[in-house]
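Heads up, the thing below is written out as structure tokens.
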Amino acid sequence: MKIGILCHPSVGGSGLVATELAHGLAAAGHEVHVISSEPPFKLSRQQTGLHFHLVEAIHYPLFKDPLYTFALTAKIVEVVDQYQLDLVHAHYSIPHSLCAYLASEITLKPFPVVTTIHGTDVTVVGQDRPLYPLNQFSIGRSTTVTTVSAFQRQYIQQHFQLDTPIEVIHNFIDASVFHPARIDRALRRSLARDDQPIVMHASNFRPVKNTQAVIKSFALASRMVDARLVLLGSGPEIESLQGECHRLGIADRVVFVGQVQQVERYLPLASCVLQPSYRESFCMVLLEAMACGVPTVSSNVDGIPEVVSHGETGYLTAPDDYEAQADALVRILADPRLQQRLGQAGRQRAETQFSTEEKIQQYLACYRRAIDAFSAQQEPPSA
Ligand code: GMT
């Protein structure tokens with residue numbers, strides 16, 4: 001198949017999933033064209049069958065903004081016509097789904113559009129009043145809609161009146177890249193003493209990630225265990241969190257690493273990963289931690305219980321239940337056998353329930369159905 005993939009390139013779940021899907025499809029022998037405003041941070045530029053097309057903003061003195069959605073639509077039209085794509089897969093509905101729909105109306109070769117909804121495109125940004133009707137329209141016009149958890153499907157069905165069926169395809173992980181044996185001793189020594197367990201958190205530090213709870217729960221746990229908190233990523237809440245660490249007297253136990261490209265180098269160094277988000281359609285970090293054999297403590301919201309098995313691979317609590325989170329952290333950090341049991345179960349769950357090969361096959365089956373449904377729509381009704 002010849003497949004176009006649209007995604008946001010920044011460090012974040014939806015761009016990451018789109019990029020890994022592009023790699024997997026190209027490895028399976030398909031021709032894949034990734035279209036974005038810059039190369040997604042993990043995109044391989046050397047893989048056979050994988051192509052990248054840059055969307056260049058339109059700079060014209062009369063316009064104050066770079067007309068990104070026009071530029072993207074024009075690029076989709078150009079790539080579809082030049083490479084004769086069979087379909088376009090929009091990751092994160094805003095603005096990709098609408099641009100793909102418009103491009104299909106404009107191009108010489110109309111094509112099916114598969115939209116994958118990742119989370120905040122319908123729960124946060126997508127609920128914004130002026131955007132809602134555009135989002136609803138373009139999702140509804142997609143040939144096929146998929147999403148990353150059963151929770152997310154139910155949410156879409158409740159909030160967007162759609163006739164299109166929604167298929168759940170869970171996110172996936174390359175368990176050879178995220179691996180418990182990838183221990184970089186020097187890196188670990190730069191983060192904590194050898195005898196000090198590490199609690200890790202990774203996010204874009206926005207309110208939805210509830211990083212305040214990370215600090216508060218870790219501060220409570222610190223009364224019982226001598227541990228380090230390592231924070232990966234950056235975002236708008238960083239400064240207030242640094243202030244909070246000083247206020248709680250734990251600043252010397254917290255390391256703010258900033259944005260990292262290879263989170264797989266850090267996660268295996270953790271004794272536990274803590275993610276108390278208020279919303280999370282899936283939560284890639286939890287799956288990545290599981291693949292690295294690291295137990296997790298997380299909130300019990302949205303799609304998270306589909307990823308984490310409570311009591312088997314980690315513990316689920318309410319997002320703001322600091323006591324319960326601290327309790328779970330102390331239990332894990334103080335008991336190496338429990339830590340090992342949870343970690344091994346997580347690794348096994350990641351390999352068996354979220355394997356890349358299986359999810360690639362699911363997406364390919366979904367593409368074939370979209371192509372069939374689209375060509376059936378295009379055929380003139382028989383007399
Ligand atoms: O969580 C974010 O703010 C980033 C966002 C994204 O689109 O990059 O993540 C969403 O998509 C990820 C990949 O499917 C999911 O793992 C995240 O749970 C989801 N975030 C939310 O639902 C808040």
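Counting starts at 1 for both ligands and their atoms, following the listed order.
The Tyr92 neighbourhood of ligand 1 comprises atoms 7 (O), with distances under 4.0 Å to a heavy atom of that residue. For ligand 1, the atoms sitting less than 4.0 Å from at least one non-hydrogen atom of Thr120 are 23 (C), numbered in the order shown with element in parentheses. If you number the atoms of ligand 1 from 1 as listed, the ones under 4.0 Å from a heavy atom of Asn204 come out as 2 (C), 3 (O). Distances below 4.0 Å separate heavy atoms of Cys283 from the following atoms of ligand 1: 15 (C), 16 (O), 17 (C), 18 (O).
Using bins of under 30°, 30° to 60° and over 60° for the plane-to-plane angle, the ring pair His91/Tyr363 lands in the tilted bin. Between Tyr83 and His33, the ring planes lie tilted relative to each other; the angle falls in the 30° to 60° range. In this pair, His96 and His8 present their aromatic rings tilted. The plane angle is within the 30 to 60° band. A tilted orientation is assigned to the rings of Phe63 and Tyr60, their planes being inclined by 30° to 60°.
Residue contacts with ligand 1: Val148 is placed with no nitrogen or oxygen under 3.5 Å of a nitrogen or oxygen of the ligand (distance criterion only).
Remark: Arg331 is positioned above the aromatic ring of Tyr315, its terminal NZ or CZ atom under 6.0 angstrom from the ring centre and at most 45 degrees off the axis.
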(request) Check the pair Asp184 / Tyr266 against side chain to side chain donor-acceptor pair (under 3.5 Å), numbers first and verdict last. (result) CA-CA 8 Å; Asp184 180 338; Tyr266 288 83; over 6 Å; no

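Neither the backbone nor the side chain of Leu16 has a heavy atom within less than 4.0 Å of ligand 1. Under 4.0 Å from ligand 1, the heavy atoms of Lys209 that appear belong solely to its side chain. Contacts with ligand 1 closer than 4.0 Å are made by no heavy atom of Thr123, backbone or side chain.
Taking all heavy atoms of Gln152, His118, Met284 into account, the minimum distance to atom 11 (O) of ligand 1 is reached by His118. Among His170, Glu280, Gln275, His91, the residue whose heavy atom sits closest to atom 20 (N) of ligand 1 is Glu280. Nearest to atom 8 (O) of ligand 1 by heavy atom, out of Gly119, Ser281, Ser10, Ser14, is Ser14.
The CG atom of Leu342 sits 8.0 Å away from the OG1 atom of Thr296 when rounded to the nearest 0.5 Å.
Ring to ring, Phe111 and His89 are not that close: their centroids are 6.0 angstrom or more apart.
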